[in-house]
Amino acid sequence: MTKVNSLILQTPALHPHITPYVLHCARQSAFLHTRVSTRYHVPQMFPIHSSAGRFIDIYSSMLSLILGPNLNACDDNWEEIQSKRTILAENEVEANKLVNNYRFGFRKWKSHVTERPFEDRSEVVKELYSELNVIKPHSGHLITCGNVAYVFLFGWWVSLAYFLVSILMFITVTGVPYGKLCWKLSCYFLWPFGKSVHEHRFSTYVWLLLGYPPLVLIHSLACFFSWILIFTIPVSKMNARTLAVILLLPPEDVSVSSQRKTRALLCCYHATNWYYYKYTVDGINVFAVNLLPLVIVAILIGYIDRDNKYASSDVKFAIAIGSIIPLSYYIGMGIASISAQSNFAVGAVVNATFGSITELTFYITALLRGHQAANPCLQEIVKAALTGTLLGCILFIPGICMIIGGLRHSEQRFNSRSTGVSSALLFISVGGVFAPTLFSKAYGNLVCDACTNSTGGNSSGPFVCHNCHYDLNNGSLFHSHVEPLVYTVSALLPVAYFIGLIFTLKTHSHIYNIHVGEGQVTGHDGPVVHWSRWRSLVILIMATVLMSACADLATEHIQPILNQPNISQYFIGVTVLAMVPEIPEIVNGIQFALQNNISLSLEVGSCIAVQVCMLQIPILVLFNAFCDVGFVLLFSDLHLWASIFSVIVVNYIFMDGKSDYFQGTALVVVYFILLALYYFAPSPSGC
């Protein structure tokens, strides 16, 4: 006992990490309880530190000496305790969203669905949303890389425009006051940092007709380009405020100075801020907001320029695929908002209905277009995209999250019991989806289109056969055996999905052990949501309609991409078509990992993979039953073995409940190896 106390006292730096484990195990021993509990406070719930695992071995040896046979029970209970998680939320709506993130079948969403109190934000975030009319204390250097880049990107040509307009105003004589103002602003916009514009009505027609219009164009261009670059949003704010306020003031009321006052019309210290990747507009990340115009461009050039006079099919396909990214983000925000403001039953229905709408819209559109054009390639592309989504969600999303999270937090721990539920459903779903394929290979006849003798005329020599496949149409095998099996599997998979919902949401919800703690209260009037339920529903419907249009354009102009001689059509399906719609999910998973919440990062991929197998594929089979588009639930050997191998690998990685960047690297390497197989694989038969 003396050795134990001595060891604890010699390592005070480790107290925050090992105290929970030591105290928990100490509770299992009556004689040690009184000695340790008087020294350390034992909270009912304590966080799990990512660095705790490195010290467990040391203290396991120490405790084995003390507890003896009680240590096994201690470890079992510790596994139960470490699965508990306390989450803090600012309000009830935000708490519902956070709890939904841990529920099976619910889309994992990182962004806030309610407005956060500005005074509670960090100083970095406050800087992002601050106005440029407040002069703040500044002690740093004004000559920075971002400010110098501003001069080359925006400052020189905005300053030049003001200089030319000032000359024009001086020539008109009556516009001399505005000429002086433009000269001052020309010097200001060349290097605006550390300077401020102050207000110390009359206006002339000369200024409104000759001076103001060109400056509107110049500032609009500068505002647009600086907003698109995101990290230069302060420049966009500066140009917008100049356009809306300063240029509409009488010239004698505007002055430019370096004096430090409390208020000003315009004041800027830095042209760039690298934290603007966090910036949101009405709850939507600025990256998704900037990509939203792609939707309008895709629809305009896709449906107006039918003859490809102004844009080729390759360009139209790229824009249509790119427009899916912001629409997926808006759909995700709508789902999270409705779920956070509703009970879990409504949330489950909304997630099951709209959670797969992005992928289903593309798949159904591709199947319809392929059936109308008698093009069997599109059916194979849909199967490749389904498989690619599985592989990406099973291998790439968890892998990249483990790498990024592991580089920041060394070792991360997750709830192996909750992950085990997703893994079990993943085994069931993949086994069910590929059951008809295995059945057809067991009982189908191998048929080859052409076989030739490799030795010429010698009939005893070996034969070389081409385009070999299992013939299911010859005889009654398909209609009597395979097709009923497909319908049976498609009926059982959604049943297993809803049983998983009941298991994790009702009967065994304690597996997740989610406790909502008290956080900041937004005010007496309740939380202010970004999107109400009705607004979220309207946006979901509009995004779904636009998604259908963009998917139709993508499938219409995909053929030139598929005709590339050096790229397998399998590869296009499992990469571009499969992973582009999942980019918002990848971003969410990475953000969770950076916050040391690797459990949600892993659930992001598992949730999508399970929905692909248990919801999306049965819906496609059901759609084909009512509208025959030629979709048959039979996959190629490459799809079959790649998916099965991926499930086995990821379940092996998840067994110990710990992750690091090495395990993530292993998953990503396996993913890229499989992509290499698809890249060099021959295109599907008939394409």
Side-chain angles (χ1 to χ4, degrees), residues 130-136 138 141-229 231-273:
S130 62
E131 298 294 336
L132 297 183
N133 60 348
V134 178
I135 300 179
K136 298 180 289 291
H138 182 77
H141 295 287
L142 295 177
I143 302 178
T144 63
C145 294
N147 291 354
V148 173
Y150 160 82
V151 176
F152 290 100
L153 292 177
F154 304 102
W156 71 270
W157 55 274
V158 175
S159 176
L160 178 62
Y162 270 98
F163 176 74
L164 296 177
V165 172
S166 70
I167 294 177
L168 180 62
M169 290 294 100
F170 281 119
I171 293 175
T172 62
V173 180
T174 58
V176 169
Y178 287 97
K180 294 180 180 178
L181 173 63
C182 290
W183 169 251
K184 294 177 183 178
L185 293 179
S186 175
C187 299
Y188 175 81
F189 280 104
L190 183 63
W191 185 266
F193 313 110
K195 305 174 184 177
S196 57
V197 180
H198 299 274
E199 181 181 5
H200 260 298
R201 149 111 26 181
F202 75 92
S203 62
T204 65
Y205 291 106
V206 174
W207 168 251
L208 294 178
L209 293 177
L210 297 179
Y212 187 67
L215 292 178
V216 169
L217 177 61
I218 292 297
H219 279 296
S220 298
L221 290 175
C223 187
F224 173 77
F225 288 117
S226 57
W227 181 274
I228 291 297
L229 294 176
F231 300 107
T232 56
I233 286 181
V235 178
S236 180
K237 291 181 178 181
M238 181 173 61
N239 283 273
R241 186 163 181 82
T242 302
L243 190 61
V245 178
I246 296 176
L247 295 183
L248 298 178
L249 292 173
E252 64 273 12
D253 288 351
V254 180
S255 64
V256 179
S257 67
S258 301
Q259 297 178 0
R260 300 293 179 88
K261 300 181 180 180
T262 57
R263 303 285 297 184
L265 293 174
L266 187 63
C267 182
C268 182
Y269 294 103
H270 296 287
T272 59
N273 190 328

Enclosure of [X] [atom1] (heavy-atom neighbours >12, cutoff 6.0 Å):
{"X": "Trp183", "atom1": "CH2", "answer": "no"}
{"X": "Trp157", "atom1": "CH2", "answer": "yes"}
{"X": "Ile143", "atom1": "CD1", "answer": "no"}

Are [X] and [Y] packed together at the side-chain level, in the sense that at least one heavy-atom pair is separated by less than 4.5 angstrom?
{"X": "Trp227", "Y": "Ile233", "result": "yes"}
{"X": "Leu168", "Y": "Cys182", "result": "no"}
{"X": "Thr242", "Y": "Tyr162", "result": "yes"}
{"X": "Val197", "Y": "Val254", "result": "yes"}
{"X": "Phe170", "Y": "Lys180", "result": "yes"}
{"X": "Leu215", "Y": "Leu185", "result": "no"}

| Sole candidate of Phe224, Phe189, Phe225 that passes ring pair (Phe, Tyr, Trp, His ring centres under 6.0 Å) when paired with His219 | Phe189
Could you check whether any side-chain N or O of [X] sits under 3.5 Å from a backbone N or O of [Y], counting only pairs where one atom can act as donor and the other as acceptor?
{"X": "Asn147", "Y": "Pro192", "value": "no"}
{"X": "Arg241", "Y": "Ile246", "value": "no"}
{"X": "Ser186", "Y": "Ser159", "value": "yes"}
{"X": "Ser196", "Y": "Leu266", "value": "no"}

| query | Listed by chain and number, what are the side-chain hydrogen bond (donor to acceptor under 3.5 Å, both in side chains) partners of Tyr150, not counting sequence neighbours? | reply | none
Over all heavy atoms of both residues, which pair between [X] and [Y] is shortest? Give the atoms and the distance, please.
{"X": "Ser220", "Y": "Leu243", "value": "OG-CD2, 3.9 Å"}
{"X": "Ala222", "Y": "Val158", "value": "CB-CG2, 4.1 Å"}
{"X": "Pro214", "Y": "Val165", "value": "CG-CG2, 4.1 Å"}
{"X": "Leu132", "Y": "Pro234", "value": "CD1-O, 3.7 Å"}
{"X": "Leu249", "Y": "Tyr178", "value": "O-CE2, 4.3 Å"}
{"X": "Met169", "Y": "Gly211", "value": "CE-N, 3.7 Å"}

Pairwise distance [atom1]([X]) to [atom2]([Y]) - rounded to 0.5 angstrom:
{"X": "Ser236", "Y": "Phe154", "atom1": "OG", "atom2": "CZ", "value": "8.5 Å"}
{"X": "Leu221", "Y": "Ser226", "atom1": "CG", "atom2": "OG", "value": "10.5 Å"}
{"X": "Cys223", "Y": "Met238", "atom1": "SG", "atom2": "CE", "value": "10.0 Å"}
{"X": "Leu247", "Y": "Leu181", "atom1": "CG", "atom2": "CG", "value": "7.0 Å"}
{"X": "Lys195", "Y": "Leu190", "atom1": "NZ", "atom2": "CG", "value": "7.5 Å"}

| task | Please work out which of the three classes, parallel, tilted or perpendicular, describes the rings of Trp191 and Phe193, given edges at 30° and 60°. | result | perpendicular
